[in-house]
Amino acid sequence: MPSALPDGEPVPADGALPASALAGAADRPLGFYLHVPYCATRCGYCDFNTYTATELRGTGGVLASRDNYAETLTDEIRLARKVLGDDPRQVRTVFVGGGTPTLLAAGDLVRMLHAIRDEFGLAPDAEITTEANPESVDPAYLATLREGGFNRISFGMQSAEQHVLKILDRTHTPGRPEACVAEARAAGFDHVNLDLIYGTPGESDDDWRASLDAALGAGPDHVSAYALIVEEGTQLARRIRRGEIPMTDDDVHADRYLIAEETLSAAGFDWYEVSNWATSDAGRCLHNELYWRGADWWGAGPGAHSHVGGVRWWNVKHPGAYAGALAAGRSPGAGREVLTEEDRRVERVLLELRLREGVPLSLLREAGLAASRRALSEGLLQVGPYEDGRAVLTLRGRLLADAVVRDLVD
């Protein structure tokens, strides 16, 4: 089941933000994340805030329906306009995620995008992305998205091997994600990403190489490769606990990451974040960089998280409760927190260290600086950038990124 929301103070009924959150807003980029919580089936490894038709039946009534979801989410976009007041910023990025956004009609996704355009305006070079399940799109669907303003699409490929997809409970056919890349290119998409997962129980090194080769053969300009994380409460965690399938250890994850780096770099992809590679700076996911750099974004939809000027909040999780709040004229926010300067410093170190540009050493406290010198001597940080005042991970450092960053935030 989906993971629990964090604790926090109540969100005002009108969603109002403190004045401090809006101070200096014009100097920060603004993005929108639109969460579509629907899935045809639940993947065994997933703990995202998603719901199948069976899980929603009888719990949300018409308010939780996919049929009117675009209008419901548009209500929150209008709320965002009221809360942000006379904020002059045009939206720099829009990312539609889930769930499976492409379970909605393509016209619904376009309507949600146009609601943002109408309320805020889109920057001339705005990046507009949707995630897509390979089995839920076809050339006509993709053409509608492209004509409606989407210019980037991310397909969930995960693996090219049928037995690996089966363990993950993925329902698409091997080869379909690669075909989708060609269809997206034909529809005029500027940028196409394929998501891969490594470290699935039963996956071999050769399976992983085959998945990488298949992904590269499709011709995307961006590849995301994530180590499988077994979350408590998921079907996969229960199967491992019962001994039905083995747990993959960290050494295997490290080996698979090295295979990914070697294969992707040989094909002309450069890493720009620990789990993300692109063929050019233009191919980088600008929306995710808003997160990693602590910019502003409004997350609309059940369970979506937002951040504006050091205030972070999150919506109620259930689609019925979410729609009900908006129908009653209330914010769907479930809780929020106001970050201190120290909170924001720590988050910058945690997130920016994962980027190719690294993190300024000036953000580190005394203990963190001492830890950075040790990391440098151990080959975890690059020498040249360090001499220029930045902590940038080496390849070995990327393998141990979580441990490195824990030391540097002290």
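In this chain, numbering begins with 1 at the start of the sequence shown. Worth saying up front: this structure is predicted, and the values here are computed from it rather than measured.
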Is the shortest side-chain heavy-atom distance between [X] and [Y] below 4.5 Å?
X      : Y      : value
Leu142 : Phe150 : no
Ser224 : Leu194 : no
Met112 : Leu104 : yes
Pro124 : Gln90  : yes
Val164 : Gln158 : no
Thr200 : Leu165 : no
Asp343 : Glu347 : no
Asp190 : Arg146 : yes

Check your understanding: Is the NZ or CZ atom of Arg356 both under 6.0 Å from the centre of the six-membered ring of Trp271 and within 45° of that ring's axis?
Key ->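 Verdict for Trp271: no cation-pi partner in Arg356.
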
Exercise for review: Please confirm whether Arg81 makes a cation-pi placement over Phe120, using NZ or CZ under 6.0 Å from the six-membered ring centre and within 45° of the ring normal.
Suggested key: yes

Please give me the minimum heavy-atom distance between [X] and [Y], naming the atom from each residue.
X      : Y      : result
Ala214 : Ala160 : CB-CB, 3.9 Å
Thr74  : Ala115 : CG2-CB, 3.7 Å
Asn133 : Thr102 : N-OG1, 3.2 Å
Arg66  : Asp108 : O-OD2, 4.4 Å
Pro319 : Pro37  : CG-CG, 4.0 Å
Val383 : Leu376 : CA-CD1, 3.9 Å

How many angstroms lie between [atom1] in [X] and [atom2] in [Y], if you round to the nearest 0.5 Å?
X      : Y      : atom1 : atom2 : answer
Leu30  : Leu290 : CG    : CG    : 8.0 Å
His35  : Glu131 : NE2   : CD    : 9.5 Å
Arg209 : Thr263 : CZ    : OG1   : 7.0 Å
Leu395 : Glu262 : CG    : CD    : 10.5 Å
Arg256 : Leu212 : CZ    : CG    : 10.5 Å
Asn193 : Ile153 : CG    : CD1   : 10.0 Å

Point to revise | side chain to side chain contact (heavy atoms under 4.5 Å, CB included) evaluation trace for Val36 with Tyr69 | key: CA-CA 8 Å; Val36 178; Tyr69 185 73; 4.1 Å; yes

Practice item. Please report the C-alpha distance between Asp75 and Thr72 in whole Å, then the side-chain angles of each, then the deciding distance to 0.1 Å, and finally whether the side-chain hydrogen bond (donor to acceptor under 3.5 Å, both in side chains) criterion is met. Key: CA-CA 5 Å; Asp75 287 341; Thr72 299; 5.3 Å; no

Under 3.5 Å: donor-acceptor pair, side chain of [X], backbone of [Y]:
X      : Y      : result
Thr394 : Gly379 : yes
His307 : Ala295 : yes
Arg354 : Val405 : no
Glu127 : Val94  : no
Glu161 : Ala210 : no
Arg92  : Asp125 : yes
Thr100 : Leu103 : no
Asp221 : Gly283 : no
Ser306 : Gly299 : yes
Ser275 : Tyr226 : no

Are [X] and [Y] within salt-bridge range, i.e. N to O under 4.0 Å?
X      : Y      : answer
Arg345 : Glu342 : yes
Arg89  : Asp87  : yes
Glu378 : Arg373 : no
Asp410 : Arg365 : no

Practice item. Could you go through the side chain to side chain contact (heavy atoms under 4.5 Å, CB included) check for Glu273 and Arg284 one step at a time? Key: CA-CA 9 Å; Glu273 191 275 341; Arg284 293 165 67 148; over 6 Å; no

Review point. Can we call the ring centroids of Tyr198 and Trp208 under 6.0 Å apart?
Key: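 Yes: the rings meet the under 6.0 Å criterion.
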
Practice item. Check whether the ring centres of Trp277 and Tyr257 lie less than 6.0 Å apart, and answer yes or no. Key: yes

**Study point:** Steps toward side chain to side chain contact (heavy atoms under 4.5 Å, CB included) verdict (Leu168, Leu228)
**Key:** CA-CA 10 Å; Leu168 296 173; Leu228 177 67; 4.1 Å; yes

Exercise for review: For atom CD of Glu71, decide whether the heavy atoms of other residues, nucleotides or ligands shown that lie under 6.0 angstrom number more than 12.
Suggested key: yes

Review point. Between the side chains of Ser159 and Glu203, does any donor sit under 3.5 Å from an acceptor?
Key: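 Side chains of Ser159 and Glu203: no pair found under 3.5 Å.
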
**Study point:** Of Leu145, Thr144, Ile128, the residue whose pairing with Leu109 passes side-chain contact (heavy atoms from CB on, under 4.5 Å)
**Key:** Leu145

Practice item. Let me see the working for Glu119 and Arg78 under side chain to side chain contact (heavy atoms under 4.5 Å, CB included), right down to the final yes or no. Key: CA-CA 7 Å; Glu119 295 291 339; Arg78 294 178 181 134; 3.6 Å; yes

Exercise for review: Could you please spell out the steps behind the side-chain hydrogen bond (donor to acceptor under 3.5 Å, both in side chains) verdict for His305 and Asn315?
Suggested key: CA-CA 7 Å; His305 288 232; Asn315 286 344; over 6 Å; no

Point to revise | With Trp298 via side-chain hydrogen bond (donor to acceptor under 3.5 Å, both in side chains) - residues at least two apart | key: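 Partners of Trp298 by the side-chain hydrogen bond (donor to acceptor under 3.5 Å, both in side chains) criterion, ordered by chain and then number, come out as Glu76.
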
Check your understanding: Among Tyr272, Phe155, Phe189, Phe269, which one satisfies ring pair (Phe, Tyr, Trp, His ring centres under 6.0 Å) with His222?
Key -> Tyr272

Review point. What class does the angle between the rings of Tyr291 and His287 fall in, given that below 30° is parallel, 30 to 60° is tilted and above 60° is perpendicular?
Key: perpendicular

